[in-house]
Amino acid sequence: MTGETWLILGASSAVARAFARAAAERGDAVLLAGRDGDDMARTAADLRTRFGTPAGVLPFDAADTDSHAAFVAAARQATPGTLNVFLAFALMPDQTAMETDVALALACIRTTYLGAVSVLAHLAPVLEAQGRGRVVVLGSVAGDRGRLPNHIYGSAKAGLHAYAQGLRARLHRKGVTVTTVKPGFLDTAMTWGLPVPLAAPPDACARACLDAAARGREVLYFPWFWLGIMTIIRAIPERIFKRLSI
Amino acid sequence: MSRWKTIALPGWGRRDRAPQTAARPERVAEVRAAVADGVAAAGGVLARGRGRSYGDQAVNGTGRLILMERLDRILSFDEGTGIAVCEAGVTFADLMRVFLPKGWLVPVTPGTAFATLGGAVANDVHGKNHDRVGSFGDHTAWLRLLLPSGETLRAAPDENPDVFAATIGGCGLTGVILEVAVRLVRTPSRTMRVAERRIRDLDDFFAAFVAARDTATHSVGWIDALAQGGAMGRGILETGEIADHDPAPPVPPRPRRVPVEFPGFALTPLSVGLFNAVYRRRVPEGGRERAVPMERFFYPLDSLLDWNRIYGRRGFHQFQCVIPDADARAGVGRLLEAISAARAASFLAVLKTLGGEGRGMLSFPMRGYTLALDLPHGSGIPDLLARLERITLDHGGRIYLAKDSALSADGFAAMHPRLGDFRAVLSRLDPDGRLSSDMARRLRIREDAA
């Protein structure tokens, strides 16, 4: 046992599950938070059986921001040692569906951006008081530029990146690190059946997240080559970019 | 609504690479949704593990596939009973990694650790110790099945026993296997003491096996399937005992990968014969003994990832049958003659003994000798496979569905005296025939024999 606990927000996703395994394998405790209680109970049981480390479950709904204060209090209570945070939830509906259904677009933003800001804002004082700890925010390369095929989700992630930057500066003063990880395409339920090239395995991403957190890295692209791809995509003048559909 | 992807998912023999429609759920709720979608689709639906069956068993060309690999959680382990409850996508590699360091071993394992427990149930797989411990179904405490109706059902030898017996070896046709409770056994080490000796010919092999059956816990024979005449059946007999303790901190073997498909001309009777001869000679005349990590003994080919690419673009078949004891020497002899006469370049053939019938209505094992070998696809191969089926039937044998790609529907029915029972269970669990596979259609597993 390491005395470290990872609060995993959005614990049913493939990356979150892989992250929980990687953390538990190191001897860290985990607290799984999300909506699918049955699924999280299975993951928690798996972690206890495989690694003999403590693994608990807390109900959490990112979109229900009113519940976040009580949720954070419960999470704090359930964490004996140092609280660390892995924020992995997001909602990515189909872009064209969101263009015809504005309510769906708002639901995407409510979960992916508002929900994230809300829960991190409630967690921030706890982390400051603790005076140590690590936060990993799962962003996306989609947030690096508003692209035609995915710009509503992308704008929510862009907002999240900016918030995480500010939070990094705030928590840095209290000894807490904030790492933004920007994965490219990952081979998960979110991309299954979509025409995405170069989908990387989620467990490799999870290990990279844990490693980046341990080093206190600020920003990590995963896999690394996405830094190059996004640097090029960001460099294209808007006058030309608006004609492209990448 | 589940998301479906069009993707080539051939059997391990890589024969049929037509794209299929597949979902890959990550949560049980998503499995349910995919099954609900799939049963409504033309061609029906089938669960697939890691795709280690060789032929068309885990292929559903006109229907839907549900890939179970992401359901890979170990839900509990009871030190009192040794029972580990696992989701169907847990692999033997997972069990080895998690439980060997704790001193627990899965008593039956197939020749690849990449197989899932769902697949192990669906094929009632066996290992190199079948004589002693039986097959996977003998160590399955219970399993949980999702029926096409959306209902879940627990089955065990004393709970829905007919469903249990139909699901063990049932090729995934009774429902989607969600959970498997497997009984592990204590092991004093993770090391195997392996003895190898050269075998001159087939008579020598049978004599050696008769002795090994009584004395060895694990045994497997490697035969040079290209050797003819007096040398027919020459090879190596390998026996293994679990060591009392580990000699040194065990180092898990690091796998390598076959990077590309081999070109068609790489495998000829000459090159393969040369390989087989070298393989045999690596064991000294007087035999040898050594201690190896268990994984290397159980899974010799797993250290070569994607080894099926060696057979090139056309893919390959694997043939495996069992011949009952009384007729085994004659039957195996005729099989080897047919194979070497066809000059079908094959790497080593495997000869093992099996101890008795499995618990499943369609279980493969029976007391006898089992012969397995790869046959690279080519023009003469369908004829050869038909001849091998004929010989197997003539000698009262049975073909292993996990490997099969060529068995005839009539041959299948003749090999399975409990097929009627199996069909009766299917008509109850899946009255509309919503679970299907290419193999089920080829072998007419559902229809009453014409």
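Throughout, protein chains are lettered first and strands after them, A, B, ... in sequence-line order, and every chain is numbered starting at 1.
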* Check B:E26 against A:A189 and note the closest heavy-atom contact, atom names and distance. =>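 B:E26 and A:A189 have their closest heavy atoms at OE2-N, 2.9 Å.
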* **Atom of A:R17, atom of B:R70 and distance for their closest heavy-atom approach** =>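 Minimum heavy-atom separation between A:R17 and B:R70: NH2-O, 2.7 Å.
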* Structure fact -> Looking only at B:D94, B:V90, B:D72, B:V85, the option with the highest number of non-hydrogen pairs under 4.5 Å against chain A is B:D72
Between [atom1] of [X] and [atom2] of [Y], what distance do you get to the nearest 0.5 Å?
X	Y	atom1	atom2	result
B:R3	A:D94	CZ	CG	8.5 Å
A:R48	B:F77	CZ	CZ	15.5 Å
A:W192	B:I7	CH2	CD1	4.5 Å

* With a 4.5 angstrom heavy-atom cut-off, could you sort out which part of B:A22 is near chain A: side chain, backbone, both or neither? =>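 Both backbone and side chain.
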* To do: Pick one of side chain, backbone, both or neither for B:L67, based on which atoms fall under 4.5 Å of a heavy atom in chain A.
  =>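 For B:L67, the side chain is the part near chain A, not the backbone.
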* Among A:A44, A:A41, A:P202, who wins on heavy-atom pairs under 4.5 Å with chain B? ->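 Maximum pair count with chain B is reached by A:P202.
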* Go through A:T43, A:D187, A:D36 and name the one with the most non-hydrogen pairs under 4.5 angstrom from chain B. =>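 Of the options given, most contacts go to A:D187.
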* **Proximity breakdown for A:D203 and chain B, heavy-atom pairs closer than 4.5 Å** => neither
* To do: Examine whether an atom of A:M40 lies under 4.5 Å from a heavy atom of chain B, and if so say whether it belongs to the side chain, the backbone or both; otherwise answer neither.
  => neither
* Side-chain donor or acceptor of A:D46 paired with backbone N/O of B:L75 under 3.5 Å ->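 Pair absent, no side-chain N/O of A:D46 close to backbone of B:L75.
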Between [Y] and [X], is the closest basic N to carboxylate O distance under 4.0 Å?
X	Y	value
B:E179	A:R42	yes
A:D39	B:R73	yes
B:R27	A:D38	no

* To do: Report, as yes or no, whether the 6.0 Å neighbourhood of atom CZ on A:R215 holds more than 12 heavy atoms from other residues, nucleotides or ligands.
  => no
